[in-house]
Amino acid sequence: MTMNVPFRKKIEVERMAHEMLTRYATWKNQPLVLPIDIDDIIEGFFKLRLEFCDLKQYLSIPDALGATWFDEKVIRIDSSLEEQEGRMVFTMAHEVGHWYMHRPIYEMNKMTVPLFGFKDSDPTAAVVCRAAGRKEPAEVQADQFAAAILAPPKLLRDAVKAITENGQMVVEDFEIFNETPARNPYLRKAAKEVIDAGFNMSIEAMCYRLIDQKLVVDARPTQAKLL
């Protein structure tokens, strides 16, 4: 299903993620610590029901990973992800992104033109997140939001500074893996080292987060540049 969402620059999504984490830390009455407790954010802070089930069968969608029911205040994650902790946590954070950024849009439009065509009696989620296919803007935003709350910029920079001398990870073969950076074995090694500092993310997600936050630099001495 397609959700119509306003265009948001990545910096806006980062700001919204920071805003949510600040509210969560205030509610918790303690500073953020690693790893970010996404279970507590879902069930404690937002007071949503979190369920693991055979979501693919439940929705009859073969590549369903997660789904959020706005009206029922429930997030469901496909149980197959329980064996892939990094991906499971990212999917949970992705659904939090839908709840925080997109639920207000859903609520506003409920009073006018419905965003989704479904009957209340149908077991249909407001948002279904899938493994394959072209990602709609709402899905891209939720991915960006998930990365931002699982690896907040300050905590990520502090972790990289603790590992390196100048706060940047030096990585080889960026040109070779320019279009598929998460396949770069040197970048994956760097991402794993950062994850071991306390982040609960997949190596792939951390690869892109390090690039996005400009915390990796090309190892080539004569053409080194921030990515």
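- Counting heavy atoms from C-beta on, the side chains of Ile38 and Ile149 come closer than 4.5 Å.
- Judged purely by atom type and a 3.5 angstrom limit, Glu12 uses its side chain to pair as donor or acceptor with the backbone of Lys9.
- Residues meeting the side chain to side chain donor-acceptor pair (under 3.5 Å) test with Lys10, sequence neighbours left out: Asp212.
- Results of the side-chain hydrogen bond (donor to acceptor under 3.5 Å, both in side chains) test with Gln141 over His98, Arg8, Lys135 single out Arg8 as the only residue that passes.
- Looking at Arg87 and Leu65, their side chains come closer than 4.5 Å, going by heavy atoms from C-beta outward.
- By the side chain to side chain donor-acceptor pair (under 3.5 Å) test, Glu43 is found to be paired with no residue, residues two or more places apart in sequence or in another chain being considered.
- Counting heavy atoms from C-beta outward, Leu187 and Phe177 have side chains that stay 4.5 Å or more apart.
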Criterion side-chain contact (heavy atoms from CB on, under 4.5 Å) on Glu139 and Cys129, from CA distance to verdict:
CA-CA 7 Å; Glu139 297 304 301; Cys129 304; 3.2 Å; yes
Check against side chain to side chain donor-acceptor pair (under 3.5 Å), Tyr106 and Asp71
CA-CA 10 Å; Tyr106 167 79; Asp71 291 329; 2.5 Å; yes
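- Taken together through direct or relayed side-chain contacts under 4.5 Å among Ile, Leu, Val, Met, Phe, Trp and Tyr, Val171 and Tyr208 form parts of separate hydrophobic clusters.
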Before you tell me yes or no, could you show the steps for Ile105 and Val5 under side-chain contact (heavy atoms from CB on, under 4.5 Å), namely the whole-Å CA-CA distance, both residues' side-chain angles and the distance that decides it to 0.1 Å?
CA-CA 7 Å; Ile105 300 170; Val5 299; 4.3 Å; yes
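- With contacts defined as side-chain heavy-atom distances shorter than 4.5 Å, the pair Ile176/Asn184 does not qualify.
- Proximity of a side-chain donor or acceptor of Arg76 to a complementary backbone N or O of Leu50 within less than 3.5 Å is not detected.
- Counting only heavy atoms from C-beta outward, the side chains of Leu32 and Leu21 approach each other to under 4.5 Å.
- Sorted pairs that involve residues 181-204 and meet ring-ring contact (aromatic ring centres under 6.0 Å, His included), not counting sequence neighbours, are lacking altogether.
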With a cut-off of 3.5 Å and sequence neighbours excluded, list every side-chain donor-acceptor pair involving residues 156-163.
{"from": "Asp158", "atom 1": "OD2", "to": "Lys154", "atom 2": "NZ", "distance (Å)": "2.9"}

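- Judged by distance alone, the side chain of Thr180 and the main-chain N or O of Arg183 form no donor-acceptor pair under 3.5 Å.
- Note: Lys56 NZ to Ser79 OG = 7.5 Å, rounded to the nearest 0.5 Å.
- Comment: Glu204 engages Arg188 in a salt bridge, judged by a side-chain N to carboxylate O separation of less than 4.0 angstrom.
- No side-chain donor-acceptor contact under 3.5 Å links Asp78 to the backbone of Asp54.
- A salt bridge links Glu14 with Arg209: the closest approach of a Lys/Arg side-chain nitrogen to an acidic carboxylate oxygen falls below 4.0 angstrom.
- Counting only heavy atoms from C-beta outward, the side chains of Ile211 and Pro181 approach each other to under 4.5 Å.
- Atoms CD1 and CD, from Ile75 and Glu51 in turn, are 10.5 Å apart once rounded to the nearest 0.5 Å.
- Taking 4.5 Å as the limit, some side-chain heavy atom of Asp63 sits within range of a side-chain heavy atom of Ile61.
- A heavy-atom distance below 4.5 Å is not found between the side chains of His94 and Phe145.
- Sorted by first and then second residue, the ring-ring contact (aromatic ring centres under 6.0 Å, His included) pairs involving residues 8-44 (not counting sequence neighbours) are Tyr24-Trp27, Tyr24-Phe45, Trp27-Phe45.
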Let's go through Met88 and Met92 carefully: what are the C-alpha distance in whole Å and the side-chain angles of both, what is the deciding distance for side-chain contact (heavy atoms from CB on, under 4.5 Å) to 0.1 Å, and is it a yes or a no?
CA-CA 6 Å; Met88 176 189 71; Met92 291 162 62; 4.0 Å; yes
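- Interatomic distance, Gln144 CD to Ile11 CD1, rounded to the nearest 0.5 Å: 12.0 Å.
- Scanning for side chain to side chain contact (heavy atoms under 4.5 Å, CB included) contacts around Ile195 gives Ile203, Met206, with sequence neighbours left out.
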